[in-house]
Amino acid sequence: QVQLVESGGGQVQPGDSLRLSCAASERFANTYSMGWFRQAPGKEREFVAGINRSGGRPTYADSVKGQFTVSGDNSKKTMYLQMDRLKPTETATYYCAARLGGLNLNDPNGYRYWGQGTQVTVSS
């Protein structure tokens with residue numbers, strides 16, 4: 001089973017950028033579809049962005065389109081989430097996840113493997 005470790009979180013000011021990394025224990029292209037999710041206190045976990053295992057255009061939640069960019073480097077076994085123009089409402093724990101299927105990337109129930117999460121706090 002694949003193991004995932006997130007890093008890159010921290011505390012930033014509104015309007016700042018952060019890049020999160022998700023290091024996988026094995027290469028994921030053609031095997032695992034990968035996703036980023038976030039969960040704020042008292043709220044449900046929500047989909048942020050995802051990459052299908054077969055490649056193609058990434059998928060984004062409407063709320064982050066044009067603001068976040070997801071990418072993957074299979075040779076480094078790492079997925080990234082570039083987050084720009086961060087807002088206080090985006091304060092949350094960010095998780096990466098992996099699934100064997102390539103459909104419904106926005107459904108957290110379809111992901112079998114999860115990282116431990118990395119905290120992102122946006123505050124002035």
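Below, each value reflects all heavy atoms present in this structure, side chains not excepted, and no hydrogens, waters or symmetry copies.
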Without placing hydrogens or testing angles, list every side-chain donor-acceptor pair under 3.5 Å for residues 51-59, not counting sequence neighbours.
unit_1	atom_1	unit_2	atom_2	d
N52	OD1	S54	N	2.9
N52	OD1	S54	OG	2.7
N52	ND2	G102	O	2.5
R53	NE	L100	O	3.4
R53	NH1	L100	O	2.4

Interatomic spacing from [atom1] in [X] to [atom2] in [Y] - rounded to 0.5 Å:
X: L81; Y: T118; atom1: CG; atom2: OG1; value: 11.0 Å
X: C96; Y: Q116; atom1: SG; atom2: CD; value: 8.0 Å
X: S17; Y: R85; atom1: OG; atom2: CZ; value: 8.0 Å
X: N109; Y: N104; atom1: CG; atom2: CG; value: 10.5 Å
X: K87; Y: S63; atom1: NZ; atom2: OG; value: 7.0 Å

Show me the donor-acceptor pairs within less than 3.5 Å that the side chains of residues 34-49 make with the rest of the protein, sequence neighbours left out.
unit_1	atom_1	unit_2	atom_2	d
W36	NE1	Y80	O	3.4
R38	NE	E46	OE2	2.6
R38	NH1	Y94	OH	3.1
R38	NH2	E46	OE2	3.3
Q39	OE1	R45	NE	3.3
Q39	OE1	R45	NH2	3.3
Q39	NE2	K43	O	3.0

Between [X] and [Y], what is the shortest heavy-atom contact and its length?
X: Q82; Y: D84; answer: NE2-OD1, 2.9 Å
X: E90; Y: V64; answer: OE2-CG1, 4.3 Å
X: G115; Y: Y95; answer: O-CD2, 3.6 Å
X: P14; Y: P88; answer: CG-CG, 3.9 Å
X: W114; Y: P108; answer: CZ2-O, 3.5 Å
X: A98; Y: L4; answer: N-CD1, 3.7 Å

Show your working on side chain to side chain contact (heavy atoms under 4.5 Å, CB included) between L18 and F68 and close with a plain yes or no. CA-CA 10 Å; L18 269 181; F68 289 7; over 6 Å; no

Please check: side-chain N/O of [X] versus main-chain N/O of [Y], any donor-acceptor pairing under 3.5 Å?
X: T121; Y: T91; result: no
X: Y60; Y: V70; result: yes
X: Y32; Y: R27; result: no
X: E6; Y: L20; result: no

With a 6.0 Å cut-off (strictly less than), is the heavy-atom count around CZ of R112, excluding the residue itself, greater than 12? no

Does Q3 have more than 12 heavy atoms from other residues, nucleotides or ligands lying within 6.0 Å of its CD? no

Do F28 and T78 have side-chain heavy atoms sitting under 4.5 Å apart? no

